[in-house]
J.: 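This is the structure, below, for whatever I ask next.
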Amino acid sequence: MLNVRSIDPAAQDLIKKAHKDGIETVWDRYDKQQPQCGFGSLGVCCRHCIQGPCRIDPFGQGPDKGICGATADVIVARNLLRQVAAGAAAHVDHAYDAVEALELAAQGKIDYPIADAGKLKAVASGLGIDSEGKEPDALALEVVRVAYGDMGNHHNRPMKWVSAHAPKQRLEVWESLGIIPRNPDREIREAMHQTTMGMDADPVNLLLATAKQGLVDGYAGLKLATDMQDILFGTPAPVVTEANLGVLKEDYVNLIVHGHVPLLSEKIVQWAKTLSPEAEAVGAKGVQVAGICCTGNEVLMRQGVPLATNYLAQELAIVTGAVDAMVVDVQCIMPSLSQISSCYHTELITTMPIVKIPGATHVPFALEKADEAAQEIVRKAIGAYARRDPNKVHIPDYRAKIIAGFSVEAIAGALGKLDPVQPLKPLADNIVNGNIVGVVATVGCNNVKVTQDIFHVEMVKELLKNNVLVVATGCSAHALAKAGMMNSEGTERYAGNTLKAVLRAIGEAAGLGAPLPPVLHMGSCVDNSRIGDLVTALANYLGVDSAALPVAASAPEPQHEKALSIGTWAVAMGITTHLGVIPPVLGSKQVTELLTVGLTEVIGGKFYVETEPQKAALGLIEDIRKKRQALGLDQ
Ligand code: MSK
């Protein structure tokens with residue numbers, strides 16, 4: 001029973017320890033929730049007004065309408081729109097923080113030097129800003145002005161971040177559907193308005209509004225956040241490190257960064273090095289920083305910080321008894337961390353005004369005082385090290401070597417060794433000739449309903465075997481990293497023959513002396529924008545709509561509203577998007593049909609739900625082959 005919780009041996013080990021230590025984990029709480037509410041699972045429960053809650057009887061023997069007359073179709077569509085709007089809101093809020101940081105940095109008001117003037121110029125040029133003769137700070141302020149212009153746009157013009165970055169053919173499709181966002185805050189507000197009592201009762205109109213929220217997420221959330229963060233902290237380049245809880249070290253102060261935003265964690269990485277002598281003074285060999293979820297991915301991509309683990313095992317990190325401090329920022333943070341920390345010596349530290357957890361220590365983070373906050377946090381970790389109980393320590397000895405840092409720029413850099421003039425040509429040529437059958441992006445979370453990591457790993461094995469190149473972000477990237485799919489050995493072991501030959505050739509040309517990994521780690525959840533950029537660049541290079549490309553996406557174990565909003569954006573890009581966990585929509589036949597079939601006619605993409613990994617892989621390959629056929633490419 002214990003071992004079906006996860007395929008990750010470190011997690012399996014620690015689940016046993018958790019039981020021995022009397023710790024309740026996410027899996028125990030999931031068991032206590034059984035059976036989960038059928039109405040909620042189908043999406044047919046409405047709590048939008050306080051005449052309710054109303055529930056529709058899915059068996060057709062009870063009520064078929066809510067008190068106001070809303071049908072199952074309306075309730076399901078409204079609920080979905082709210083979920084996707086919430087996911088988009090999380091990313092837009094993240095992006096807004098990053099814009100503010102760039103503004104203050106450019107004004108010299110905070111100690112965050114602009115790390116990547118080249119990226120700044122590239123972003124400026126994409127927005128039509130001339131950078132000739134301008135100092136980075138001045139140019140950054142012009143870029144910031146455009147971002148704020150989008151955030152505060154009160155005209156009916158499309159957001160510039162959308163019109164500047166989306167594939168041309170897509171813009172035409174979205175315009176014809178009337179779904180190009182004007183201003184992210186306005187669109188999110190409108191979605192809340194549209195779904196409140198007595199508003200939109202047309203499921204089709206509600207789903208088009210949902211697609212618009214996908215675009216809000218894709219451009220005002222993901223793309224904007226990545227652009228700002230790359231300018232501030234640098235565009236990722238290949239780094240080599242390790243993944244899994246075995247990266248924690250018994251004789252070091254272990255400090256885990258968890259959440260999504262790199263604004264504080266970048267400082268923590270820096271101060272962990274600087275304050276290492278203080279750790280030595282208390283008997284440790286130094287400070288080991290490791291990452292969970294997407295803050296982990298951010299500092300991995302730019303600083304080579306090792307990955308500790310992904311979403312579902314966050315509690316187990318503390319169960320090692322070796323984590324001296326865990327610092328959290330926003331999103332995907334289980335409140336249970338506080339209770340579990342109290343059973344060990346771990347200092348749980350919250351930092352954001354909108355994420356406080358009773359029992360945790362709150363060290364307020366403000367950009368102006370980031371260095372002070374980072375120092376305080378590192379010192380708290382060093383202080384906690386002295387309180388560590390060696391009898392409670394168990395670090396499972398599992399870690400896999402990983403090569404990460406594959407921004408689009410880094411991929412182009414590696415390919416450019418084969419064709420410096422047209423770096424995308426080697427990739428495009430190998431897709432066209434069928435050596436690479438297609439590209440699948442695996443993204444998103446773990447979900448307690450699925451054995452941890454199994455869907456990511458088993459599905460990707462099948463894809464690689466069939467010569468499909470995989471790019472990954474988020475907790476999917478963590479899962480594939482832990483499973484040894486992000487190193488050169490992974491290529492030899494998992495890639496089909498033609499894919500292997502391509503990865504060997506690129507690896508040799510790039511001077512790795514070994515093949516490129518078969519799964520390219522492209523970053524955090526917001527870095528799904530990098531995948532969007534790659535798709536857009538490929539579409540432009542081949543002169544086709546992104547909907548026509550032999551490319552698909554998958555969230556094998558999605559849990560968060562953000563996974564739904566990212567998936568919706570991918571569908572709006574015309575991409576078939578697989579979900580390995582059924583979202584709460586089955587209560588409406590009409591909505592389910594529109595999401596999985598009907599949308600394709602108008603938008604090109606669709607959701608594809610399959611809960612068995614091999615079948616999902618084969619389904620995606622079939623979809624890719626159909627697209628190849630339509631393009632007249634070799635099969
Ligand atoms: S952290 S949103 S569990 S990917 Fe980005 Fe992982 Fe999903 Fe959170």
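Counting convention: from 1, in listed order, for ligands and their atoms alike. Because the structure is a prediction, the values reported are computed rather than measured.
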J.: Do His521 and Phe406 have ring centroids that are under 6.0 Å from one another?
T.: no

J.: Between Thr451 and Glu557, which heavy-atom pair has the shortest distance, and what is it?
T.: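 That would be O-OE2, 3.9 Å.
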
J.: Please check: side-chain N/O of Asp324 versus main-chain N/O of Asn254, any donor-acceptor pairing under 3.5 Å?
T.: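 Here the side-chain-to-backbone pair exists.
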
J.: Between Gln559 and ligand 1, which residue portion shows a heavy-atom distance shorter than 4.0 Å: side chain, backbone, both, or neither?
T.: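 The answer is the side chain of Gln559.
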
J.: So among Asp230, Asn297, Thr235, Asp116, which one has a side-chain hydrogen bond (donor to acceptor under 3.5 Å, both in side chains) with Arg302?
T.: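 So the option named by the test is Asp230.
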
J.: Mind checking whether His260 contacts ligand 1 via backbone (N, CA, C, O), side chain (CB onward), both or neither, at a 4.0 Å heavy-atom cut-off?
T.: side chain

J.: Examine all N, O or S atoms of Cys475, backbone included, and report whether one is under 2.8 Å from atom 8 (Fe) of ligand 1.
T.: no

J.: In terms of atom number and element, which parts of ligand 1 are under 4.0 angstrom from non-hydrogen atoms of Cys525?
T.: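 Near Cys525, the atoms of ligand 1 are 2 (S), 4 (S), 5 (Fe).
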
J.: Evaluate the ring planes of Trp569 and Tyr219, with Trp represented by its six-membered ring, and classify them as parallel (under 30°), tilted (30 to 60°) or perpendicular (over 60°).
T.: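 Perpendicular.
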
J.: Does Cys293 put an N, O or S atom under 2.8 Å from atom 7 (Fe) of ligand 1?
T.: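 Coordinating: no.
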
J.: Distance to 0.1 Å, residue and atom name: give those for the protein heavy atom nearest to atom 7 (Fe) of ligand 1.
T.: Cys445 SG, 2.4 Å

J.: Counting non-hydrogen protein atoms only, what is the nearest one to atom 8 (Fe) of ligand 1? Give residue, atom name and distance.
T.: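 Of every protein heavy atom, Cys332 SG, 2.2 Å lies nearest to atom 8 (Fe) of ligand 1.
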
J.: Can you tell if the side chain of Asp217 reaches within under 4.5 Å of the side chain of Ile566, non-hydrogen atoms only?
T.: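 The answer is yes, as the side chains (C-beta and beyond) meet within the 4.5 Å cut-off.
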
J.: Could you tell me whether ligand 1 has any atom less than 4.0 Å away from a heavy atom of Ala563?
T.: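 So Ala563 does not count as touching ligand 1.
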
J.: Report yes or no: is the cationic atom of Lys119 (NZ for Lys, CZ for Arg) under 6.0 Å from the centre of the six-membered ring of Phe233, at an angle within 45° of the ring normal?
T.: no

J.: Against heavy atoms of His560, which atoms of ligand 1 measure under 4.0 Å?
T.: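 Checking each atom against His560, I get 2 (S).
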
